[in-house]
Amino acid sequence: MKLLVLGGTKFLGRHIVDAALGQGHEVILFNRGTTNPELFPQLERVTGDREGGLSGLEGRDFDGVIDTSGYVPRIVRQSTELLSKAAAFYAFISSISVYPDGTPPGYDESAPTQKLADPGSENIPVDYGALKAACERVVEESFPGRSVQVRAGLIVGPHDPTGRFTYWVRRIAAGGEVLVPAPAAAPVQVIDARDLADWAVRMVAAGTPGVFNATGPAQSLTMGALVEACARATGSAARFTWVDPGFLLERAVEPWSELPLWLPGEEGLLQASIAAATGAGLRFRSLEDTARDTWEWVRTLSDPPGDAGMALEREATLLAEWRMAS
């Protein structure tokens, strides 16, 4: 298969390229050449810009396209309209964030998605989920019956630039007393970028259309199980102190950013049904393997990735206040 990857050198994209090469496919990269340009020197790279700089793709033919970098419908449409006759199949990496707050646990792909309050909005930080949902519709319009919409959950693993899951790996590896939002039984979902990449490439190669929630693992996962897996993976003797969510919210602790994977009151969003994706062949490595590989990668860096997570001084203050309150 001749596969065009829009992006391909940051996080999920680089794992998609690795997966495609591992499966024996020919890969062509299209990007601006500004992010990790040293990667994949053996591959053909078309340098351009998704917004008005697509001329390098004109007159080309591809068996499949994987779009890892589409966020704004207007810009995605430029790519899909150009490629609709040049490619047999299009995979769009979307997000679980297309579903609105308040979505009930166990939701599947038929659940309602967000709509833009302002149809002209291109404000990605504010309207991320609604923009992704609008991008999905653009892709299906250009590739009717020839596209797959991959609604990914929190993507984790080596080369993750956000630092979300990586925060827990790093903090637990450091040991000592670790603040964790209660309860330990709170549901969470994550997916290793390598598992998602392998499956996405296989979906394109098979030409399997549809919409799929793509997160994991296969069995239910809790916050308690996640931090314990991080401890085992890093050989840490960290002690976990489970702190009441109300206490944290009273002190303006930011869910998801300051304490990643914590969504008080919106836990349903971390309980997506993935039956369709697993039925279509999505498989998972163990969370402990993901944590171990993430820790090995982090230790090669001079600075931790991303800005997610809680500062040690803030954590220490909250833990002291929690002990006094308890």
Side-chain angles (χ1 to χ4, degrees), residues 95-97 99-107 114 125-129 153-157 160-191 215-217 220-234 236-272 287 290-291 294-295 298 303-326:
S95 171
I96 288 290
S97 296
Y99 300 107
D101 293 348
T103 298
Y107 61 95
Q114 297 191 58
V126 172
D127 293 319
Y128 176 76
L154 180 62
I155 306 173
V156 304
D160 175 9
T162 71
R164 294 189 184 116
F165 174 75
T166 308
Y167 165 75
W168 291 110
V169 175
R170 290 193 304 107
R171 178 62 193 90
I172 291 166
E177 185 181 14
V178 179
L179 186 156
V180 191
V188 295
Q189 288 182 310
V190 299
I191 185 166
T215 187
S220 297
L221 176 66
T222 65
M223 193 66 187
L226 184 141
V227 295
E228 291 292 347
C230 291
R232 291 192 301 272
T234 60
S236 173
R239 307 181 309 279
F240 301 120
T241 297
W242 295 89
V243 179
D244 180 76
F247 173 92
L248 296 171
L249 292 171
E250 286 172 2
R251 286 152 181 82
V253 175
E254 289 291 333
W256 197 255
S257 57
E258 204 170 5
L259 283 178
L261 290 171
W262 179 48
L263 282 177
E266 294 296 341
E267 291 85 357
L269 289 174
L270 295 175
Q271 298 179 74
L287 183 60
T290 297
T294 301
W295 178 229
V298 166
D303 295 305
D307 57 3
M310 181 175 289
L312 290 175
E313 296 80 4
R314 165 91 150 144
E315 180 189 40
T317 298
L318 289 168
L319 286 170
E321 293 179 0
W322 173 248
R323 281 192 293 271
M324 291 181 63
S326 302

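We count residues from 1, following the sequence as given. Every heavy atom of this structure was used, including side-chain atoms; hydrogens, water molecules and symmetry mates were not. This one's a predicted model, so the numbers in the text were calculated from it and none came from an experiment.
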How long is the span from the [atom1] atom in [X] to the [atom2] atom in [Y], to the nearest 0.5 Å?
{"X": "Leu261", "Y": "Phe165", "atom1": "CG", "atom2": "CZ", "value": "8.0 Å"}
{"X": "Ile191", "Y": "Leu287", "atom1": "CD1", "atom2": "CG", "value": "12.0 Å"}
{"X": "Met223", "Y": "Trp168", "atom1": "CE", "atom2": "CH2", "value": "4.0 Å"}
{"X": "Trp242", "Y": "Leu179", "atom1": "CH2", "atom2": "CG", "value": "10.0 Å"}
{"X": "Arg164", "Y": "Asp307", "atom1": "CZ", "atom2": "CG", "value": "9.0 Å"}
{"X": "Ile96", "Y": "Leu269", "atom1": "CD1", "atom2": "CG", "value": "8.5 Å"}

Let me know which of Val253, Thr241, Val243 forms a side chain to side chain contact (heavy atoms under 4.5 Å, CB included) with Leu318.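 Testing Leu318 for a side chain to side chain contact (heavy atoms under 4.5 Å, CB included) against Val253, Thr241, Val243 leaves exactly one candidate, Val253.
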For Asp160, which of Thr166, Leu154, Ile155 qualifies under side chain to side chain contact (heavy atoms under 4.5 Å, CB included)?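 Of the listed options, the one satisfying the test is Thr166.
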Is there a donor-acceptor pair under 3.5 Å between the side chain of [X] and the backbone N or O of [Y]?
{"X": "Arg232", "Y": "Ser236", "value": "no"}
{"X": "Gln114", "Y": "Ser97", "value": "yes"}
{"X": "Gln189", "Y": "Ala272", "value": "yes"}

For Trp262 and Val180: C-alpha separation, side-chain torsions, deciding distance, then whether side-chain contact (heavy atoms from CB on, under 4.5 Å) applies. CA-CA 9 Å; Trp262 179 48; Val180 191; over 6 Å; no
Does the pair Val178 and Glu315 meet the rule for a side-chain contact (heavy atoms from CB on, under 4.5 Å), with working shown? CA-CA 8 Å; Val178 179; Glu315 180 189 40; 4.0 Å; yes
May I have the step-by-step check of side-chain contact (heavy atoms from CB on, under 4.5 Å) for Phe247 and Glu321, ending in yes or no? CA-CA 9 Å; Phe247 173 92; Glu321 293 179 0; 3.8 Å; yes
How close do Arg170 and Trp295 get, heavy atom to heavy atom, and via which atoms?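 Closest approach of Arg170 to Trp295: CA-CZ3, 4.2 Å.
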Least distance between heavy atoms, Glu254 atom then Ser257 atom: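 Taking every non-hydrogen atom into account, CB-OG, 3.2 Å.
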Between Glu177 and Arg323, is there a salt bridge with N-O shorter than 4.0 Å?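 Counted as a salt bridge, because a side-chain N and a carboxylate O are separated by less than 4.0 Å.
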